[in-house]
Amino acid sequence: MGMLAVIDTETTWWDDVMSIGVAIADTDAFKLLDKRYYILTPFKEFGGMYTDALYIDSFKPDLECSREKAMAELATFLTVYKIETIFAYNASFDYRHLPELSHLAWYDIMKLAAYRQHNSKIPSYADCYRTGRLKRGYGVESIYKMLSDNMMYREKHNALADAIDELEIMRLLNREFGEYASAKIR
């Protein structure tokens, strides 16, 4: 059994990372095995669209520290699990914001979730391009609702909560790990 990490970031109004959420899972069942949540100082003080979600519910940071310290601890955390692959929804955004992890293989969950040929829950009446990709309604919240049939679901915009939800999207898609080869961005 291999391991993977699902990563999500939240940024400030000035596009600096203010929080990082990481969910570790196995590559067979996409089952959550461990998690980490980092809030970066001083960036959390700068504010962003989702600043209010930094401390929601039971999502308390494992570390609240400088980016340098958080990335060093994250590198150790990923090494413990022998992580070589990172997944994210709209992965190019997180990849661009975490250049310290550019040596790993990155995959975009959205590249399967938003396509009719990979997501059997996309209704036949959905407006799609000829490629099979949805024209709209392919964000995390819409896809999670579609896959789970939970119309009450709301994306929290907390980096850890969102990483866990994105992992759940992978599980609900019911695709084998190898099928994500076409979703590689780097």
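In this chain, residues are counted from 1 in sequence order. A quick note: this is a predicted structure, and the numbers were derived from the prediction, not measured.
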Decide yes or no for M170 and L4: does some side-chain heavy atom of the first lie under 4.5 Å from some side-chain heavy atom of the second? yes
Does the pair Y89 and D162 meet the rule for a side chain to side chain donor-acceptor pair (under 3.5 Å), with working shown? CA-CA 9 Å; Y89 205 92; D162 291 354; over 6 Å; no
Do I7 and L98 have side chains that get closer than 4.5 Å, going by heavy atoms? yes
For residues Y38 and D62, is any side-chain donor paired with an opposing acceptor at under 3.5 Å? no
Run the salt bridge (charged side-chain N to carboxylate O under 4.0 Å, His left out) test on K156 and D8 for me, step by step, so that the C-alpha distance in whole Å, both residues' side-chain angles and the decisive distance to 0.1 Å come before the verdict. CA-CA 12 Å; K156 290 181 172 51; D8 188 69; over 6 Å; no
Test log, rule side chain to side chain contact (heavy atoms under 4.5 Å, CB included), inputs L32 and R171: CA-CA 10 Å; L32 178 66; R171 190 188 70 73; over 6 Å; no
Just by modelled atom types, is the K31 backbone N or O under 3.5 Å from a matching donor or acceptor in the D26 side chain? yes
Could you tell me if the side chain of R175 sits less than 4.5 Å from the side chain of N119, heavy atoms only? no
Strictly under 6.0 Å, is that where the ring centroids of Y107 and F87 end up? yes
When you look at R96 and D94, which way does the salt bridge (charged side-chain N to carboxylate O under 4.0 Å, His left out) test go after all the steps? CA-CA 5 Å; R96 183 172 51 86; D94 298 294; over 6 Å; no
Within the side chain of H118, is there an N or O that forms a donor-acceptor pair under 3.5 Å with the backbone of A114? no
Side-chain ion pair, K184 and D108, N-O less than 4.0 Å: no
Residue pair I86 / L78, side-chain heavy-atom distance below 4.5 Å: yes
Ring centres under 6.0 Å, that's the criterion: do Y144 and Y153 meet it? yes
L112 backbone acceptor or donor facing R133 side chain under 3.5 Å: no
Answer yes or no: is there a donor N or O on one side and an acceptor on the other, between the side chain of W14 and the main chain of F43, under 3.5 Å? no
Would E64 and Y37 count as a side chain to side chain donor-acceptor pair (under 3.5 Å) if you check the C-alpha gap in whole Å, the side-chain angles of each, and the deciding distance to 0.1 Å? CA-CA 9 Å; E64 194 165 325; Y37 180 40; over 6 Å; no
Under the criterion side chain to side chain contact (heavy atoms under 4.5 Å, CB included), I'd like the reasoning laid out for T85 against F177: C-alpha separation, chi angles, the key distance, then a yes or no. CA-CA 11 Å; T85 54; F177 180 74; 4.0 Å; yes
Closest approach of A163 to V6 (non-hydrogen atoms, all atoms of both residues): O-CG1, 3.4 Å
Look at R154 together with D165 and state whether they make a salt bridge at an N to O cut-off of under 4.0 Å. no
State the NZ-CD1 distance between K111 and I109, to the nearest 0.5 angstrom. 12.5 Å
Let me confirm one number: the CG-CG distance from L63 to L74, rounded to the nearest 0.5 Å. 10.0 Å
Provide the closest heavy-atom pair for R116 versus P123 in the form atom of the first, atom of the second, distance. NH1-O, 3.0 Å
Quick one: does Y138's side chain get under 4.5 Å of I122's, heavy atoms only? no
Between S148 and L172, which heavy-atom pair has the shortest distance, and what is it? CB-CD1, 3.9 Å
All heavy atoms of N158 vs all of A53, minimum pair found to be ND2-O, 2.7 Å
Ring of Y129, cation from K135 - is the NZ or CZ under 6.0 Å from the centre and inside 45° of the axis? yes
Please check if the distance between the ring centroids of Y81 and F77 is under 6.0 Å. yes
Is it true that a side-chain atom of E141 and a backbone atom of E155 form a donor plus acceptor pair closer than 3.5 Å? yes
Are Y95 and F93 in one and the same hydrophobic cluster, where Ile, Leu, Val, Met, Phe, Trp and Tyr link if side-chain heavy atoms are under 4.5 Å apart? no
Does E179 reach the main-chain N or O of E176 with its side chain, forming a donor-acceptor pair under 3.5 Å? yes
Please answer whether the main-chain N or O of C65 pairs with a side-chain N or O of T41 as donor and acceptor at a distance below 3.5 Å. yes
No-hydrogen, no-angle side-chain donor-acceptor test under 3.5 Å, H97 and D16: no
Tell me which one of L160, L167, V22 satisfies side chain to side chain contact (heavy atoms under 4.5 Å, CB included) with K35. L160
How long is the span from the CG atom in L134 to the CE atom in M110, to the nearest 0.5 Å? 11.0 Å
Measure the spacing between NE2 of H103 and CZ of R186 and express it to the nearest 0.5 Å. 8.5 Å
Kindly check if the number of other-residue, nucleotide or ligand heavy atoms within 6.0 Å of CG (N174) is above 12? no
So L33 and M3, side chain to side chain contact (heavy atoms under 4.5 Å, CB included) or not? Walk me through it. CA-CA 9 Å; L33 301 172; M3 305 294 242; 3.3 Å; yes
Got a sec: does the CD of E84 have more than 12 other heavy atoms crowding it under 6.0 Å? no
Separation between CG (L40) and OG (S66), nearest 0.5 Å, reads 8.0 Å
Within-4.5 Å side-chain heavy-atom neighbours: E166 and V140: yes
Do Y50 and T11 come within less than 4.5 Å of each other through their side chains, counting heavy atoms only? no
Measuring only between side-chain heavy atoms, which start at C-beta, is S92 closer than 4.5 Å to N90? yes
I'd like to know if the side chain of N150 and the backbone of K145 have a donor-acceptor N/O pair within less than 3.5 Å. no
Check whether any side-chain N or O of S142 sits under 3.5 Å from a backbone N or O of G139 as a donor-acceptor pair, and report yes or no. no
Side-chain heavy atoms nearer than 4.5 Å, only ILVMFWY residues, links allowed to pass through others: does that put I169 and M151 together? no
Supply the atom-to-atom distance E10 CD to T51 OG1, rounded to the nearest 0.5 angstrom. 9.5 Å
